[in-house]
Amino acid sequence: MKELEDIVRAYHNACQQGLKTALATVVHVEGSAYRQPGARMLVTENGTLTGAISGGCLEGDALRKAQLVILQQQPMLVTYDTNDEDDATLGVGLGCNGIIHILLEPVNAAVPGNPLALLQEAIAHRSPAVLVTLFSLRQRKGPQPGTCLLLGANGQTVYPIEDRKLQQAVMADAQVALDTHTSFTKTYQAGNNHFTAHTAYLPPAVQLLVAGAGNDVMPLIKMASLLGWRTIVADGRPLYPTKARFPDATQVVLAKPAQLLSAVNPDAYTAVVLMTHNYNYDLALLAQLLPLPLPYIGVLGPAKKLQRMLNELMENRIPVSRQQRARIHGPAGLDLGAETPEEIALSVISEIKSVMSATAATSLRERNTTIHPREQQIILQQVL
């Protein structure tokens with residue numbers, strides 16, 4: 001989500017300067033690649049790049065082709081074969097061993113449903129969305145509709161797709177992606193026409209609420225902000241939760257536990273870390289957090305502290321269900337041997353990322369499968 005926000009911001013800056021732009025999107029990958037389908041990069045006519053479509057090996061050539069797209073105002077589908085070690089354009093020995101298909105689209109600010117308008121709408125709300133990019137692998141010189149459909153949780157859509165049956169089929173699959181929280185690629189055949197759609201599920205950015213505004217919270221907020229997370233710092237002590245102390249925070253709140261949640265509106269994409277070093281504050285806030293559908297609640301400190309808190313909740317007739325207990329992580333963080341505030345922040349951030357991604361926090365060298373599931377790259381087929 002951070003990359004999309006950076007791209008939208010760069011687009012607005014380009015518009016203010018009167019610069020034309022193009023959007024590059026990785027729409028399909030065969031084999032291995034540094035970036036997966038859905039990765040995007042904004043190119044301005046003066047050569048400025050925002051975002052990335054590879055580890056740096058494709059950007060130079062994509063820049064030149066994107067400038068041609070801007071000049072001609074016609075989309076272009078480009079294929080890069082990184083298996084070819086003799087390719088003088090990309091360089092020798094890239095090591096990706098994959099074929100990467102990238103769609104280049106000119107962006108016309110005067111068109112309401114242009115690709116950047118859809119991206120802006122996708123990130124404007126803290127709710128999931130599905131973005132569809134339509135292209136043709138078989139008819140590369142034919143029409144390339146591009147970024148054409150946005151479906152949000154509120155049901156709003158934009159779909160300048162001329163073929164009505166194709167529009168209905170793509171819309172139905174977008175709803176499936178929204179309901180199942182999945183992304184996939186699918187080809188639709190209508191007579192002699194074949195269009196492929198990359199249907200991407202876009203969850204909101206992670207929101208991190210940290211209860212506590214001590215010095216040890218500062219590196220945690222900095223790291224989370226670097227990742228593009230929405231960050232909230234809260235404390236009940238007037239001198240601690242200030243914008244001067246936490247310039248990277250999205251929101252700084254002075255509040256007691258009873259008033260905090262109404263001021264920050266935590267949602268299903270919010271992680272909370274209790275690190276006020278005030279036992280009563282943490283305990284009171286934990287009692288309010290339990291009923292919420294939060295994926296992660298971290299409690300800084302020793303395991304016996306958390307157990308004491310759970311025991312007190314039970315004594316006060318506040319039951320903790322098995323599902324609620326599973327979402328509480330205490331001591332918070334991964335076992336990285338962390339000691340300093342910065343190392344502890346890295347440990348906590350890593351655990352939150354693992355939970356949010358529903359992955360096991362293990363070394364990649366221990367994996368017996370590919371890093372990125374190959375089933376995401378298979379193109380499904382549907383005849384209309």
Side-chain angles (χ1 to χ4, degrees), residues 3-4 6-8 10-11 13-15 17-111 113-119 131-148 160 185 194-198 200 377 379:
E3 186 171 66
L4 297 186
D6 291 342
I7 286 174
V8 170
Y11 169 69
N13 290 337
C15 289
Q17 299 175 48
L19 297 173
K20 296 180 180 179
T21 59
L23 182 66
T25 304
V26 178
V27 291
H28 185 51
V29 171
E30 301 171 54
S32 300
Y34 184 79
R35 298 300 305 272
Q36 295 301 298
R40 290 176 171 82
M41 179 177 74
L42 184 74
V43 182
T44 63
E45 60 180 320
N46 66 352
T48 301
L49 306 177
T50 304
I53 53 174
S54 74
C57 54
L58 305 182
E59 275 72 4
D61 188 70
L63 167 61
R64 290 188 289 272
K65 288 184 171 61
Q67 289 175 326
L68 179 62
V69 164
I70 293 174
L71 179 64
Q72 297 179 342
Q73 287 296 295
Q74 289 293 329
M76 178 189 301
L77 185 65
V78 182
T79 298
Y80 296 100
D81 187 350
T82 61
N83 290 302
D84 185 359
E85 301 209 355
D86 294 325
D87 193 323
T89 301
L90 302 180
V92 178
L94 295 176
C96 292
N97 300 319
I99 300 174
I100 306 163
H101 303 275
I102 296 173
L103 183 65
L104 302 171
E105 305 173 72
V107 181
N108 187 342
V111 177
N114 72 68
L116 264 297
L118 297 189
L119 287 184
L131 194 62
V132 178
T133 306
L134 202 61
F135 57 99
S136 177
L137 287 171
R138 297 195 184 187
Q139 299 160 305
R140 307 177 68 86
K141 301 299 182 180
Q144 302 288 346
T147 308
C148 61
T185 304
H194 295 78
F195 284 103
T196 302
H198 175 62
Q377 301 171 8
I379 298 183

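All values below come from the heavy atoms of this structure, side chains included, with hydrogens, waters and symmetry mates left out. Nothing here was measured: the structure is a model prediction, and the numbers come from that model.
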### Query
Can you list the steps and then say if R140 with T79 is a side-chain contact (heavy atoms from CB on, under 4.5 Å)?
CA-CA 10 Å; R140 307 177 68 86; T79 298; 2.4 Å; yes
Set out, in order, the CA-CA distance, both residues' side-chain angles and the distance that settles side-chain contact (heavy atoms from CB on, under 4.5 Å) for I100 and V26, then state yes or no. CA-CA 7 Å; I100 306 163; V26 178; 4.0 Å; yes
Practice prompt. Go through the steps for H101 and H198 under the test side-chain contact (heavy atoms from CB on, under 4.5 Å), then give the verdict.
Written response: CA-CA 11 Å; H101 303 275; H198 175 62; over 6 Å; no
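Here the closest non-hydrogen pair linking C148 and L118 is C-CD1, 3.9 Å. Taking all atoms of both residues into account, the shortest heavy-atom contact from L49 to V43 is CD2-CG2, 3.7 Å. In plain terms, the two heavy atoms of T147 and P115 that are nearest each other are CB-CB, 3.9 Å. Scanning both residues, L4 and R40, for their nearest heavy atoms gives CD2-CD, 4.0 Å. Minimum interatomic distance between L42 and I7 (heavy atoms only, all atoms of both residues): CD2-O, 3.7 Å. When all heavy atoms of A197 and V132 are compared, the closest pair comes out as CB-CG1, 3.9 Å.
Rounding to the nearest 0.5 Å gives a distance of 8.5 Å between CG of D81 and CD of E30. Taking CG from L68 and CE from M76, the interatomic distance works out to 4.5 Å, rounded to the nearest 0.5 Å. Between the CG atom in L23 and the OH atom in Y11 there is a gap of 10.5 Å [rounded to 0.5 Å]. Distance check: Q17 CD to N46 CG gives 7.0 Å after rounding to the nearest 0.5 Å. Taking CG from N114 and CG from L119, the interatomic distance works out to 9.0 Å, rounded to the nearest 0.5 Å. Distance check: T44 OG1 to L63 CG gives 8.0 Å after rounding to the nearest 0.5 Å.
E59 places a side-chain N or O within 3.5 Å of a backbone atom of S54 that can act as its donor or acceptor partner. A donor-acceptor pair under 3.5 Å is formed between the side chain of E3 and the backbone N or O of A52.
The shortest distance between side-chain heavy atoms of E45 and L19 falls below 4.5 Å. Looking only at side-chain heavy atoms (C-beta outward), F135 and T25 stay at 4.5 Å or farther from each other.
Scanning for side-chain hydrogen bond (donor to acceptor under 3.5 Å, both in side chains) contacts around S136 gives an empty result, with sequence neighbours left out. Every residue was checked against the side-chain hydrogen bond (donor to acceptor under 3.5 Å, both in side chains) condition with N13, not counting sequence neighbours, and none meets it.
Checking L77, T133, L137, T196 one by one against H28, the side chain to side chain contact (heavy atoms under 4.5 Å, CB included) holds for a single residue, L137.
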